[in-house]
Colleague: 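Just passing along the structure, written as structure tokens.
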Amino acid sequence: VWVYCRGSVIEWAEYGSPIRMVGSHLDITSLKYLQQKLESNNQELEQFAYMASHDLMAPVVNIKGLMSLLSDDSFEGENGEVLARVNQSVEQLLETLDALNAVVDSQRDTQHARRRVKISKALSSVLNDLETQLSGSPALIETDFSDCDWAYYPPSHLRHILQNLVSNAIKYRKPRGKLRIQISAIRTDGQVELRIKDNGRGIDLDKYGDRMFGLFQRFHLDCEGKGVGLHITRNIIEKNGGRIHCLSKPGRGTEFRVRL
């Protein structure tokens, strides 16, 4: 039997000890059973998704290997075009499976320990990895960690969040003009809030806001990607008890605020 109890002291003794209180007891056994059933179903669905996404990889990789044994020179005319299209379809399927595996793995990845981590140091490592992307055209990156530069967080998860949000700012920059990315952290309501703001293309949240963090959602089709990065990032943030919020307007840039 599960019982939810709630009470409040209504009379105190002279020296601060409670004398009288009122409260209620509510039988929530049926709700707890339903919760346990839902949790069990979710675990089964996660397990099925994991097995399906990983087991599909082997035959697709085998098909790719077999296709590589066929030479384009062995086929003429329409047959050669068909072979090229099959190869392209296999590559696209592999990319989709890779993206799906990344999503499933992020759902199952809950064993990372928290520790005190310096945000500016994690960002420096991420920017080093993104140096090639940043060198393609002029970019200005401004940081401000004067209010807060430390977080109690799994280091690999913090690094993933920074990597995804900064790389998104680079990917969805405006075709012309200098890219500007502002990265900061503040402490608010006892929590660390990470902010990443850019002057890029932006997005119409009135139109796409409810799909912003959806799986396989893409809003700028001229840019490469599978539309899973923000979905995975939100999963990681929420599994650590935080939340992510987006502010954006078309042509005026985007800002992500992450409560760690």
Colleague: Main chain of V3, side chain of D27: is a donor-acceptor contact present, judged purely on distance under 3.5 Å?
Modeller: no

Colleague: Please determine whether residues I196 and W150 belong to a single hydrophobic cluster, defined as Ile, Leu, Val, Met, Phe, Trp and Tyr linked transitively by side-chain heavy-atom distances below 4.5 Å.
Modeller: no

Colleague: Looking only at non-hydrogen atoms, find the nearest pair between C148 and R187 and report the distance.
Modeller: SG-NH2, 3.7 Å

Colleague: Looking at G229, is its backbone amide N or carbonyl O close enough to the side chain of T233 to form a donor-acceptor pair, meaning the two atoms are under 3.5 Å apart?
Modeller: yes

Colleague: Of all the heavy-atom pairs spanning H25 and C5, show the shortest one and how long it is.
Modeller: ND1-SG, 3.0 Å

Colleague: Spell out, as yes or no, whether a donor-acceptor pair under 3.5 Å connects the side chain of K174 to the backbone of G251.
Modeller: yes

Colleague: Any side-chain heavy atom of I183 within less than 4.5 Å of one from R195?
Modeller: no

Colleague: What is the distance from atom CD1 of I244 to atom CD1 of I161, rounded to the nearest 0.5 Å?
Modeller: 7.5 Å

Colleague: Ignoring hydrogens and geometry, is there a side-chain-to-backbone donor-acceptor pair from R114 to Y152 under 3.5 Å?
Modeller: yes

Colleague: Stepwise, does the salt bridge (Lys or Arg N to Asp or Glu O under 4.0 Å) test hold for R243 with E238?
Modeller: CA-CA 6 Å; R243 63 182 184 271; E238 291 182 349; over 6 Å; no

Colleague: At what distance, to the nearest 0.5 angstrom, does CG of D129 lie from OG of S125?
Modeller: 5.0 Å

Colleague: Could you tell me the separation between the CG atom of N164 and the CD1 atom of I236, rounded to the nearest 0.5 Å?
Modeller: 8.5 Å

Colleague: What's the verdict on side chain to side chain contact (heavy atoms under 4.5 Å, CB included) for H160 and I232, showing C-alpha distance, side-chain angles and the deciding distance?
Modeller: CA-CA 9 Å; H160 173 94; I232 293 175; 3.7 Å; yes

Colleague: Side chain to side chain donor-acceptor pair (under 3.5 Å) with T143: which residues, sequence neighbours excluded?
Modeller: none

Colleague: For the atom pair SG (C246) and CZ (F213), what is the distance rounded to the nearest 0.5 Å?
Modeller: 5.5 Å

Colleague: Are the side chain of N240 and the backbone N or O of L158 linked by a donor-acceptor pair below 3.5 Å?
Modeller: no

Colleague: Using the side chain to side chain contact (heavy atoms under 4.5 Å, CB included) rule, take L31 and T29 through it: C-alpha gap first, then chi angles, then the decisive distance, then the call.
Modeller: CA-CA 5 Å; L31 291 177; T29 303; over 6 Å; no

Colleague: As an exercise, state the distance from OG of S167 to OH of Y172, rounded to the nearest 0.5 Å.
Modeller: 9.0 Å

Colleague: Rounded to the nearest 0.5 Å, what's the gap from CZ on R159 to OH on Y153? Could you check?
Modeller: 15.0 Å

Colleague: Show me the donor-acceptor pairs, under 3.5 Å and distance only, between side chains in residues 253-260 and residues at least two apart or in other chains.
Modeller:
{"from": "T254", "atom 1": "OG1", "to": "S248", "atom 2": "OG", "distance (Å)": "2.8"}
{"from": "E255", "atom 1": "OE2", "to": "R257", "atom 2": "NE", "distance (Å)": "3.1"}
{"from": "R259", "atom 1": "NE", "to": "E193", "atom 2": "OE1", "distance (Å)": "2.8"}
{"from": "R259", "atom 1": "NH1", "to": "Q191", "atom 2": "OE1", "distance (Å)": "3.0"}

Colleague: Grab the two heavy atoms, one from S120 and one from F145, that are nearest each other, plus how far apart they are.
Modeller: CB-CD1, 3.8 Å

Colleague: Starting from the C-alpha separation in whole Å, work towards a yes-or-no answer on side chain to side chain contact (heavy atoms under 4.5 Å, CB included) for D198 and R173.
Modeller: CA-CA 8 Å; D198 64 61; R173 66 198 305 166; over 6 Å; no

Colleague: Answer whether the closest heavy-atom distance between the side chains of E11 and P18 falls below 4.5 Å.
Modeller: no

Colleague: Verify the neighbour count for atom NZ of K118: are there more than 12 heavy atoms of other residues, nucleotides or ligands below 6.0 Å?
Modeller: no

Colleague: Apply side chain to side chain contact (heavy atoms under 4.5 Å, CB included) to the pair L230 and N168, showing each step before the final yes or no.
Modeller: CA-CA 9 Å; L230 284 178; N168 268 6; 3.7 Å; yes

Colleague: Are I10 and W12 connected in a single hydrophobic cluster, I mean Ile/Leu/Val/Met/Phe/Trp/Tyr linked by side-chain heavy atoms less than 4.5 Å apart?
Modeller: no

Colleague: Sort out for me which residue in L162, I141, I181 forms a side chain to side chain contact (heavy atoms under 4.5 Å, CB included) with L127.
Modeller: I141

Colleague: Within the supplied structure, the quantity of interest is the number of heavy atoms (other residues, nucleotides, ligands) at a distance under 6.0 Å from E131 CD; does it exceed 12?
Modeller: no

